[in-house]
Number of protein chains: 2
Amino acid sequence: MSSNPDLRFAAAKHEELATEKGARTRAHILDTALRLFHERGWRETTMRAVATEAGVSLGNAYYYFSSKESLIQAIYARSHEEHADASADVLANETAFGERLRGVMRAKLDTLAPYHRFAAVLFSTAADPASPLNPWSEASAAVRREATALFGRVLHESDARVPKILESELPELLWTYHMGIILFWIHDRSPGCAASYRLAERTVELIARLVAVSRLPPLRPLIRALLAVMDEVRGAAPQSAPA
Amino acid sequence: MSSNPDLRFAAAKHEELATEKGARTRAHILDTALRLFHERGWRETTMRAVATEAGVSLGNAYYYFSSKESLIQAIYARSHEEHADASADVLANETAFGERLRGVMRAKLDTLAPYHRFAAVLFSTAADPASPLNPWSEASAAVRREATALFGRVLHESDARVPKILESELPELLWTYHMGIILFWIHDRSPGCAASYRLAERTVELIARLVAVSRLPPLRPLIRALLAVMDEVRGAAPQSAPA
DNA sequence: GTCTATAACCGGATAGAC
DNA sequence: GTCTATCCGGTTATAGAC
């Protein structure tokens with residue numbers, strides 16, 4: 001995993017290939033940034049403040065993180081790992097499809113919680129097709145693949161029986177769904193993001209039901225049409241990230 | 001419409017209440033900005049360049065547009081009006097639901113075309129919950145309502161027969177769908193955005209079919225669950241826009 | 001080569017005079 | 001309503017230390 005240059009560019013460059021001290025400096029800057037983002041928010045935290053608080057010069061901070069955004073990229077990768085860890089338990093012990101999905105979605109919201117304060121910026125820069133943070137960008141391909149695989153495990157090691165044509169596509173559909181929940185969560189101002197948890201519960205149930213009825217004959221052509229659309233979407237828009 | 005302060009704040013303030021000259025200056029700055037965004041892109045166009053090209057000082061440009069983003073807001077409102085105009089024809093003459101929806105979606109893509117070059121920024125800032133450009137924000141409420149009403153006309157003046165419980169909610173679902181198409185379009189790099197048109201065609205057909213089968217008894221509980229989720233989503237996340 | 005620092009550049013935004 | 005002058009913060013150039 002950490003050998004993947006897309007996902008782990010900075011880590012590979014500094015934590016593996018470079019010196020011990022460099023790795024520690026980098027980690028320290030990242031931790032400091034994370035703390036300041038929590039305390040003050042994203043816009044309110046200047047790179048100068050991050051550098052000062054971390055006890056390094058501004059130029060040095062930029063040596064490790066090429067931009068303020070790239071700090072987010074590092075946080076993004078960290079969050080994904082936390083989610084995978086938090087999902088391990090349900091994935092190992094549950095067999096019911098609905099329960100597995102519910103557990104993974106809960107784990108997602110749980111692990112995201114500490115980032116809620118500045119998640120808006122994370123997502124909004126991620127929405128820019130030109131940004132490497134964009135989920136469809138090359139830079140994000142590795143994380144996206146891994147996350148999709150996670151949803152693949154939700155499905156394939158479960159008791160669910162779905163039509164063959166749908167089976168291979170469903171993980172990606174589930175990943176897209178989970179992005180939708182995140183979008184909602186970003187806007188969620190309810191205490192403890194309770195609304196997001198509730199929404200996840202309901203939609204998980206809805207999806208479980210949809211999966212259950214997916215074998216009904218009259219729905220077959222609809223599913224086929226849906227998959228055709230997905231192919232279409234996947235085929236287009238593979239832009240790289242221009243500077 | 002222009003009496004609505006949310007949608008038309010700047011316009012109301014300057015085009016209606018202020019002087020002739022001020023209105024002309026404002027329009028000229030906006031036109032200049034639009035041209036420069038086309039020619040150079042968003043990031044590459046500086047406020048200084050806009051001011052210089054428009055023949056005004058930097059401070060003066062900021063007198064009319066409180067931020068670089070607020071230029072986009074003005075463009076956003078303009079685009080919506082263009083869409084409504086371009087949709088008038090199909091809405092007046094077509095009766096088949098699928099055809100009406102197809103026409104309105106085509107009109108959307110047609111009218112959006114000139115903005116494709118810098119649409120990414122438009123959308124990415126719009127994804128920020130704190131941004132007034134956000135479709136769910138108070139500032140956008142008026143445009144959203146109008147756009148939803150447009151999709152209401154697509155449905156209600158058509159020949160489609162849908163279950164009662166769905167009838168009142170479908171317009172908002174269609175609006176959400178149309179946002180999804182826009183998201184795709186933003187990423188679309190195919191010549192003339194042909195992929196987006198194709199996707200719209202396919203999804204319109206898919207939706208028409210879904211609407212047609214929506215009366216199947218076994219789907220009734222699913223629809224009910226879907227509507228419950230929509231209620232949930234609507235209830236939450238009504239954040240205002242902090243500075 | 002790896003790391004750190006200082007000084008400067010650039011552009012968004014604001015203050016305040018006219 | 002318009003300007004000039006200035007601030008502020010992201011980013012870069014570059015020089016040197018280890």
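From a predicted model like this one, the values you see are computed outputs, not experimental measurements. Letters go in sequence order (proteins before strands), and every chain restarts at 1.
An end-to-end axis angle of 10° holds for the helix from C:dG1-D:dC18 to C:dC18-D:dG1, taken from five base pairs per end and rounded to 10°.
Counting only residues at least two apart or in different chains, side-chain hydrogen bond (donor to acceptor under 3.5 Å, both in side chains) contacts with residues 177-186 of chain A comprise A:Y177-A:T203.
A:H38 pairs by the ring pair (Phe, Tyr, Trp, His ring centres under 6.0 Å) definition with A:F118, not counting sequence neighbours. Every residue two or more places apart in sequence or in another chain that forms a side chain to side chain contact (heavy atoms under 4.5 Å, CB included) with A:T111 is listed here: A:E82, A:H83, A:A86. For B:A113, there are no side chain to side chain contact (heavy atoms under 4.5 Å, CB included) partners, not counting sequence neighbours. The side chain to side chain contact (heavy atoms under 4.5 Å, CB included) check on B:T148 picks up B:R144, B:P171, B:E172, B:W175, with sequence neighbours excluded. For B:Y76, there are no side chain to side chain donor-acceptor pair (under 3.5 Å) partners, not counting sequence neighbours. Among residues two or more places apart in sequence or in another chain, the side chain to side chain contact (heavy atoms under 4.5 Å, CB included) test is passed with A:A49 by A:L36, A:R40, A:T46.
Under the 3.5 Å distance criterion, with hydrogens and angles disregarded, no donor-acceptor pair is assigned to the side chains of B:D188 and B:Y197.
Atom CG in A:L36 sits roughly 15 Å away from atom C1' in D:dG9 (whole-Å rounding). To the nearest angstrom, C1' of D:dT11 lies 18 Å from OH of A:Y64. The CZ-P distance, from A:R24 to C:dT2, rounds to 17 Å in whole Å.
Closest to the side chain of A:K21, from the set C:dC3, D:dG1, C:dT6, is C:dC3.
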Base-contact (B) and sugar-phosphate-only (S) positions in nucleotides 10-18 of chain C, heavy-atom cut-off under 4.0 Å, - elsewhere: -BBBB----

